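Here is the structure we will look at.
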Protein chains: 2
Amino acid sequence: MSVRKVAELAGVAPMTVSRVINTPTKVRPETRERVLKAIERLGYVPDLVASSLSSKRSRIVSALVPTLGNPMFSQVIQGLADTLRAADYHLIIGDTRYSAKIESALVLEMLGRRPEAIVLTGPVREERIRKALLRAGITVVQIWDLQPGHIVDCAVGFDNYAAAVAMMRHLLGRGYRRLGFMAIVGDERARERQVAFREALAQHKLKPTFEALPSRFDPAYDPTDEFIRQIEQHPETDAVFCASDMLAHLAIFACQRKGWAVPGRIALAGFGDLPLSAKIVPSLTSIRINQYEIGRRAAEVIVQRAGGLRPRTLVQDLGYEIVERESTAPP
Amino acid sequence: MSVRKVAELAGVAPMTVSRVINTPTKVRPETRERVLKAIERLGYVPDLVASSLSSKRSRIVSALVPTLGNPMFSQVIQGLADTLRAADYHLIIGDTRYSAKIESALVLEMLGRRPEAIVLTGPVREERIRKALLRAGITVVQIWDLQPGHIVDCAVGFDNYAAAVAMMRHLLGRGYRRLGFMAIVGDERARERQVAFREALAQHKLKPTFEALPSRFDPAYDPTDEFIRQIEQHPETDAVFCASDMLAHLAIFACQRKGWAVPGRIALAGFGDLPLSAKIVPSLTSIRINQYEIGRRAAEVIVQRAGGLRPRTLVQDLGYEIVERESTAPP
DNA sequence: CACACATATGGTACCGGTACCAAAAGGCGC
DNA sequence: GCGCCTTTTGGTACCGGTACCATATGTGTG
């Protein structure tokens, strides 16, 4: 099944079939009809692989995220997929499982598919990879974090550090002084929030009561148990900043089991503003990032670039919003 | 940058370069080294598009899911992606947004990429699509639901109906008699659970107190509000079967706000056993489906098929497990 | 040492589209 | 009717790999 077969049946040249598919207006309506009928009759589905090779336009974008298990990233992917599909692109995805090594290998693999753009989560640290990306000459969009020194081409995201600082301002503003911090171990992107946490405390001449890095995989560091352990060891703690809403949810449940009032005994704040955070009891103070919009904007940049435009802004800061809810009501 | 360039630099024929990449053992070690050095020096990345066209093996699998927003499906995708990558395949994804129309269009688009297999969520209803899939002659794996009449080729999943029946047996066994049902509107896959709900009640000569289909998008049918409305209108209700854990979580929070004891005033059961369900207070009775495993097995079938094997079983029922927790403790 | 045979490498055509240019057909003014 | 320009269609080569077969080189045996 090929253009040639269709062309034969319709009594035209292969090239005309190609035109019917790609630039229908350039074919006389009656010819077009004849070709369309032949396509229909044969159940012909154009081979995009051949098309990609010949036209040097793959209409493929590949995206790498740390994990699809985290709803934050799947939101981004959804924003990407929706917008790209509307522009006739397809999305190849890879999950790096938070590993820089897997990420590097994946980037090279992906480049083999000759995508027109590649979407990466966070910074590009390896020089080898940066070089390969530049040599490929394709659009590179880095999403999520906006770390100045590490941007290869374009970036769409928000300032992780500033967001965490804003949350600390909120907590300190509410009068909390004995603060703890929790983040999933290995989450590179939480690191900056931890730095912000420390520095904000230092500015007020305060010290963390604890900084815990529980694991989702190692049962010895189960987030719930770890939270309880830390609070019991540091009972003076009056608020905990969790680097992700999921952790904060677990902390709320742990408090319920223990009979610790939230807020009252302990205030809790999260990051990411998952849908559940507005509904949970008590509702969770969090930092809202418009994930879907990050994906949508990234796709937009890609489509614009493909259309030959140089987008005005190479770095788009979509900002964040502190959503104040019950879990951090004044003590 | 092409095999020819590399071949020239290494002083061999293009074909030898191809062999170094695909079947290294068929090349004398010293020749191989020379070629590898040339590849390294030029930063050559083989063009998989050309390779696909020429070899008629795209090493691409495409997967369609209703949404990536639902952690259940992203788990499946992750299982797929991990296993496929280990076998040197790439994954193209599409989300159908629960729309049969989008799904059909996507299937055709995807076929254009000449994937070696396509993964679909649930049944194939349109005859046109079924035909196109058969004509493409590729492996079709339907995941999730195992509906007998709708399987094109292979299927990996569980029996939705049986799972819901088992949950009803559990609820009735615990003595609950005045049952309500909730599912997100438009969720095709919840439909069977609803049927099971009704039939199980009918067998006990019972009638549902209510069946509600809230929406995640239409604020007039916000799941939380809808749940409260239904309970207030049908105060005799002593248990609610939610077609997804997410709904059950929202219901728990609604009960907390209203001061309704769970269990006690109302028992709640979910579906899917999200990680949070074990942690929430009260912990949620649910039906566990091993999502990741569904993805893994689907990938396994695909890889086996590609290797020329006909897998023993075309339909793999991975089963389910009723996880009894606090939310349905006896009244 | 000739022969059969395995191993290593090369040459050529082809996968199924499309870019590019040439040619034919149609439209219009004078 | 002729020339000129636009629109429509066709022919050919090529994208960058690999299948297939031919050829060259090495290996063991009687």
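Keep in mind it's a predicted model, so treat the numbers as computed, not measured. Letters A, B, ... are given to chains in the order of the sequence lines, protein chains preceding strands, and every chain is numbered from 1.
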For atom NZ of B:Lys26 and atom C1' of C:dT9, their distance in whole Å: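 Distance check: B:Lys26 NZ to C:dT9 C1' gives 12 Å.
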
Over how many whole Å does the gap from A:Glu30 atom CD to D:dT7 atom P extend? 17 Å

Side-chain ion pair, [X] and [Y], N-O less than 4.0 Å:
X        : Y        : value
A:Arg97  : B:Asp82  : yes
A:Arg305 : A:Asp153 : yes
A:Glu30  : A:Arg34  : no
A:Arg4   : A:Glu8   : no
B:Glu33  : B:Lys37  : no

Once you apply a heavy-atom cut-off of 4.0 Å, does B:Thr31 come out as touching a base, just sugar-phosphate, or nothing? sugar-phosphate

Reckon A:Val12 touches a base, only the sugar-phosphate, or nothing at all at heavy-atom distances under 4.0 Å?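 It contacts sugar-phosphate atoms only.
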
With 3.5 Å as the limit, what N/O pairs link the protein to nucleotides 11-16 of chain D?
from, atom 1, to, atom 2, distance (Å)
D:dC15, O3', A:Lys56, NZ, 2.9
D:dG16, OP1, A:Lys56, NZ, 3.2
D:dG16, N7, B:Arg4, NH2, 3.3

Parallel, tilted or perpendicular, as decided by the 30° and 60° cut-offs, for the rings of A:Tyr98 and A:Phe73: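 If you compare the ring of A:Phe73 with that of A:Tyr98, the planes turn out perpendicular.
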
Residue whose nearest DNA chain C nucleotide is more 5′ - B:Val27 or A:Arg28: B:Val27

Pick the closest DNA chain C nucleotide for A:Ser18 and for B:Arg32 by heavy atoms, then say which residue is nearer the 5' end. B:Arg32

Using only side-chain N and O atoms of B:Thr16, determine if any of them is under 4.0 Å from OP1 or OP2 of C:dG10.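 Checking C:dG10 against B:Thr16, a side-chain N or O does come within under 4.0 Å of OP1 or OP2.
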
